[in-house]
Amino acid sequence: MLKKYVIFLLFALSVNAVAQTQLTENSWYLRTLVLDNEVYESPIPHSDAVLYFSNNQAVLQHVQCEEVFVVDSNATETTFTMAHPGATLLGFGCSPEATLWYFRDYLFYDADQADPKTFSYEIISEDNHLEMIVTNSDGDKAYYANNPLAISESYQNRISFYPNPAHENLMFSGVDRLQNVSIYDIVGHRVMTIAEAINGIDISQLSGGTYIVKAELESGNSVTTKLLKL
């Protein structure tokens, strides 16, 4: 029994070490924010709100506005901290959409507060693709991926999900099929996974509420949409 416990403990420590390594060795591109139960998706193709860790520091980088917010940080296998003060470099050329998106990013991390903040995170690995869900002390969620959005705005606009709100089936147009469909509830739990969707997605088993749907196209690009289930 003791031997089995030691093996399990070593396995758990190994898994946790991998999670921390994945956190610190990747740049994380912000896709979706859930603030006060409202879902906000990145309005910028090739999302340029980036989070990464370097030399015991956390860096929030907003490429379009040339902003860099640097704070002291310490990471464990399940949490990381952000401490004040930080340095912000302000640039020019921000669109109104980018300014609002970046403001929400700062709001999520409470970046103007002096007290250190602790955030929990979970990293989900699928093949060579990583996704991360960060949760703040208010229960808000930030959804990241380890690569930029690989889909252009013009192509994104050719993909439609309907009806939304939906009751039993969520349909889509503009593509023949979706692959690796994941549906998350408002608190970040993955509640449904579908390997391939051709004629639509059966959501009849979901409870009423707000969800985030993420799916891959056959080209390797990905799409994200907010779903209101009736």
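Not one N or O on the side chain of Trp28 forms a donor-acceptor pair closer than 3.5 Å with the backbone of Val50. At distances below 3.5 Å, at least one donor-acceptor pair connects side-chain atoms of Thr81 with backbone N or O atoms of Asn74. Under the 3.5 Å distance criterion, the side-chain polar atoms of Asp140 are matched with a main-chain donor or acceptor of Asp36. Within the 3.5 Å criterion, the main-chain N or O of Phe119 finds no donor-acceptor partner in the side chain of Asn136. Listed for the Glu41 side chain is a donor-acceptor partner under 3.5 Å among the backbone atoms of Lys226.
Linking Ile, Leu, Val, Met, Phe, Trp and Tyr residues whenever their side-chain heavy atoms come within less than 4.5 Å leaves Met171 and Val175 in two separate clusters. Taken together through direct or relayed side-chain contacts under 4.5 Å among Ile, Leu, Val, Met, Phe, Trp and Tyr, Val34 and Ile124 form part of one hydrophobic cluster. Note: the hydrophobic cluster containing Leu228 does not contain Val213 (ILVMFWY, side chain heavy atoms under 4.5 Å, direct or indirect links). The cluster map of Ile, Leu, Val, Met, Phe, Trp and Tyr, joined by side-chain heavy atoms under 4.5 Å apart, puts Ile212 and Tyr162 in different clusters.
Summarising the geometry of Pro163 relative to Asn169, their closest heavy-atom pair is CD-O, 3.7 Å, with the distance given to 0.1 Å. Minimum heavy-atom separation, Tyr52 to Asn26: CB-O, 4.0 Å. The shortest heavy-atom contact between Ser73 and Ala58 is CB-N, 3.4 Å. When all heavy atoms are compared, the tightest approach of Phe172 to Ala197 is CZ-O, 3.3 Å. Scanning all heavy atoms of the two residues, the minimum distance from Trp101 to Ala49 falls at NE1-CB, 3.8 Å.
One finds the NZ atom of Lys229 at 12.0 Å from the CG atom of Asn164 (value rounded to the nearest 0.5 Å). Between the OH atom of Tyr144 and the OG1 atom of Thr32 there is a distance of 11.0 Å, given to the nearest 0.5 Å. Atom OG1 of Thr78 and atom CD of Glu122 lie 11.0 Å apart (nearest 0.5 Å). The line from CG of Leu130 to CG of Asn147 is 8.5 Å long, rounded to the nearest 0.5 Å. With rounding to the nearest 0.5 Å, the separation of CZ in Arg190 from CD1 in Ile183 is 11.5 Å. Of the inter-residue distances, the one linking Phe53 atom CZ with Leu23 atom CG reads 4.5 Å to the nearest 0.5 angstrom.
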Worksheet entry | Check against side chain to side chain contact (heavy atoms under 4.5 Å, CB included), Thr193 and Val181 | CA-CA 6 Å; Thr193 302; Val181 181; over 6 Å; no

Worksheet item: Can Leu35 and Tyr40 be said to form a side chain to side chain contact (heavy atoms under 4.5 Å, CB included), step by step?
Response: CA-CA 8 Å; Leu35 302 173; Tyr40 304 96; 4.0 Å; yes

Item to complete: Quick one: do Val134 and Phe80 satisfy side chain to side chain contact (heavy atoms under 4.5 Å, CB included)? Show the steps, please.
Response: CA-CA 10 Å; Val134 179; Phe80 61 83; 3.8 Å; yes

Worksheet item: Would Lys214 and Thr225 satisfy side chain to side chain contact (heavy atoms under 4.5 Å, CB included), going step by step from the backbone distance to the final call?
Response: CA-CA 7 Å; Lys214 296 186 177 182; Thr225 191; over 6 Å; no

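The side-chain tip of Lys117 does not point at the ring of Tyr109 from less than 6.0 angstrom away and within 45° of straight on. In this structure, Arg31 forms no cation-pi arrangement with Tyr143, as its terminal cationic atom is not both closer than 6.0 Å to the ring centre and no more than 45° off the ring axis.
Using a 3.5 Å distance cut-off with no hydrogens or angles, the side chains of Lys141 and Thr135 do pair a donor with an acceptor. Gln22 and Tyr121 share no side-chain donor-acceptor pair at under 3.5 Å.
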Please tabulate, for side-chain N and O atoms in residues 198-208, each donor-acceptor pair with protein atoms closer than 3.5 Å (sequence neighbours left out).
residue	atom	partner	partner atom	Å
Asp202	OD1	Ser204	N	3.0
Asp202	OD1	Ser204	OG	2.8

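Side-chain atoms of Asn146 and Glu131, non-hydrogen and from C-beta on, never get closer than 4.5 Å to each other. Under the 4.5 Å side-chain criterion, counting only non-hydrogen atoms from C-beta, Ile133 is in contact with Tyr184.
Taking the six-membered ring for Trp and the full ring otherwise, the centers of His189 and Tyr211 sit at least 6.0 Å from each other. Taking the six-membered ring for Trp and the full ring otherwise, the centers of Tyr106 and Phe69 sit less than 6.0 Å from each other.
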